[in-house]
Amino acid sequence: MSSATIHQYVPKTAQAAGDRPEVPIRHMDFKFEAKELDDTFFRNTELASAYFEALSIFLTYGEDLVIDTARYHRQFVKDPELKRLVTALIGQEAIHSKMHNEFNDVLAKHRYPVNFYRFLADRVFELGFKKLSNRMQLSLMAGIEHFTAVLAEYMMKHEDIFYESQDEKQRALWMWHMLEESEHKDIAYDVFQELSGDYALRMRGFALAAFTIFFLVPLGGSLIPVFRKPSNLLRPSYWKDVRRSLAVLAGPKEGVFGSTIKHTLDYLRRDFHPNDHDTSAYLEYYKEKLLHPETGLLTPYMTKEFVPGKRA
């Protein structure tokens with residue numbers, strides 16, 4: 001990227017200018033065990049749970065793309081506070097990738113096609129997304145982060161979902177990820193706006209991210225129950241699960257994607273900013289619930305926490 005492409009970008013919110021909450025890097029150790037895995041973790045469904053298991057596999061590649069893209073573009077960011085936050089984004093995403101890879105190794109012990117999906121994802125990213133221009137990767141990074149922010153807000157608003165299962169470590173994994181995606185939801189977008197701000201380019205990145213989240217991951221998730229148990233295709237109980245899974249994923253009132261479509265498409269507004277959707281009250285609530293030194297759900301699994309210092 002040439003420095004000639006950089007223009008003055010004034011963040012939309014006062015928080016982005018310097019008085020926003022810190023974005024800590026938390027090192028985690030969940031010590032996942034195969035015997036504890038609940039393969040119907042999401043709403044006691046097989047197919048809908050498989051979507052999130054496929055997401056766990058593919059998102060490690062998405063996070064690595066975000067890390068590489070953020071690391072490359074950090075050198076062009078002029079705002080020292082935003083540059084420091086990019087370092088925090090990189091740190092959080094690196095731990096996400098590491099923890100989900102450890103979780104995915106456990107999935108593999110339950111006949112999930114983890115290695116096959118890793119092979120496919122590697123091909124998609126190495127031969128597809130990573131061949132894109134730097135500007136397009138920057139736009140894709142912002143688009144990916146929008147979708148994870150939408151998903152994180154949905155999860156924050158539906159806390160009860162996490163407690164329908166006794167799988168505490170999987171609960172902790174997704175709630176920790178939810179918290180941090182919401183903490184850093186505006187960083188990638190602000191970097192894109194400072195270094196480009198091209199609306200048409202932003203829409204192309206959004207379209208690629210939507211293709212991944214709404215087509216590639218569901219395709220992978222839909223095949224998992226069949227890979228694990230081919231007899232599912234002949235079981236009436238499985239097809240009943242399929243109907244319920246589609247409802248909890250796509251239902252217009254409570255579905256993960258059906259009920260958030262307005263938020264998702266809000267990205268199409270020219271004057272959109274992630275902080276138009278205020279999650280500060282949720283963050284305050286979940287930080288207390290998850291990180292309290294004595295009662296926090298994440299406390300037993302967190303080994304270190306620090307905030308990156310300002311860069312020269």
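Values reported hereafter were calculated over all heavy atoms of this structure, with side chains retained and with hydrogens, waters and symmetry mates removed.
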Exercise for the section: Take atom CD of Glu284 as the centre, draw a 6.0 Å sphere, and report whether it contains more than 12 heavy atoms from other residues, nucleotides or ligands. Expected result: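 No, CD of Glu284 has 12 or fewer neighbouring heavy atoms, counting only those of other groups under 6.0 Å.
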
Exercise for the section: Answer yes or no: does atom NZ of Lys109 have more than 12 heavy-atom neighbours from other residues, nucleotides or ligands under 6.0 Å? Expected result: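 Open.
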
Should the ring pair [X] and [Y] be called parallel, tilted or perpendicular, given that the plane angle runs from 0 to 90° and is split at 30 and 60?
| X | Y | value |
| --- | --- | --- |
| Phe41 | Phe162 | tilted |
| Phe103 | His100 | perpendicular |
| Tyr117 | Phe227 | perpendicular |
| Phe42 | Phe52 | tilted |
| His158 | Tyr154 | parallel |
| Phe76 | Tyr72 | perpendicular |

Practice task
Kindly indicate, with the supporting measurements, whether the criterion side-chain contact (heavy atoms from CB on, under 4.5 Å) is fulfilled by Phe119 and Asp122.
Solution key: CA-CA 5 Å; Phe119 169 77; Asp122 183 68; 5.8 Å; no

Exercise for the section: Decide yes or no on side-chain contact (heavy atoms from CB on, under 4.5 Å) for Gln170 and Ser165, but give the supporting numbers first. Expected result: CA-CA 9 Å; Gln170 192 170 175; Ser165 169; 5.9 Å; no

Problem - Partner of Lys304 by side chain to side chain contact (heavy atoms under 4.5 Å, CB included), out of Arg26, Met28, His27 - result: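 That would be His27.
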
Exercise for the section: Sorted by first residue and then second, give each side-chain hydrogen bond (donor to acceptor under 3.5 Å, both in side chains) pair with at least one member in residues 241-250; sequence neighbours left out. Expected result: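 Pairs touching residues 241-250 that pass the test: Asp241-Ser245.
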
Handout entry: Polar side-chain atom of Thr279 near backbone of Tyr282 as donor-acceptor pair, under 3.5 Å
Key =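 No, Thr279 side chain to Tyr282 backbone: no donor-acceptor pair under 3.5 Å.
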
Practice task
Among Ile, Leu, Val, Met, Phe, Trp and Tyr joined by side-chain contacts under 4.5 Å, find the other residues sharing a cluster with Leu246 and list them by chain and number.
Solution key: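 Traced through the cluster, Leu246 reaches Leu47, Val226, Leu233, Tyr238, Trp239, Val242.
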
Problem - Under 4.5 Å side-chain linkage, directly or through intermediates, the cluster mates of Leu127 - result: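 So far as hydrophobic clustering goes, Leu127 is joined with none.
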
Problem - Single-linkage hydrophobic cluster Ile213~Val150, side-chain heavy atoms < 4.5 angstrom - result: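 Looking at the clustering, Val150 is in a separate group from Ile213.
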
Exercise for the section: Start with the C-alpha gap between Ser280 and Asp278, add the side-chain angles, then the distance that decides, and say whether side-chain hydrogen bond (donor to acceptor under 3.5 Å, both in side chains) holds. Expected result: CA-CA 6 Å; Ser280 56; Asp278 184 8; 2.7 Å; yes

Exercise for the section: Would you please test Glu46 and Asn232 for side-chain hydrogen bond (donor to acceptor under 3.5 Å, both in side chains) and show each step? Expected result: CA-CA 10 Å; Glu46 188 171 0; Asn232 271 337; 3.0 Å; yes

[X]-[Y] aromatic ring centre distance below 6.0 Å:
| X | Y | result |
| --- | --- | --- |
| Tyr267 | Phe147 | no |
| Phe30 | Trp176 | yes |
| Phe257 | Tyr51 | yes |

Problem - Evaluation steps, side-chain hydrogen bond (donor to acceptor under 3.5 Å, both in side chains), between Ser237 and Arg235 - result: CA-CA 5 Å; Ser237 60; Arg235 291 171 52 233; 2.9 Å; yes

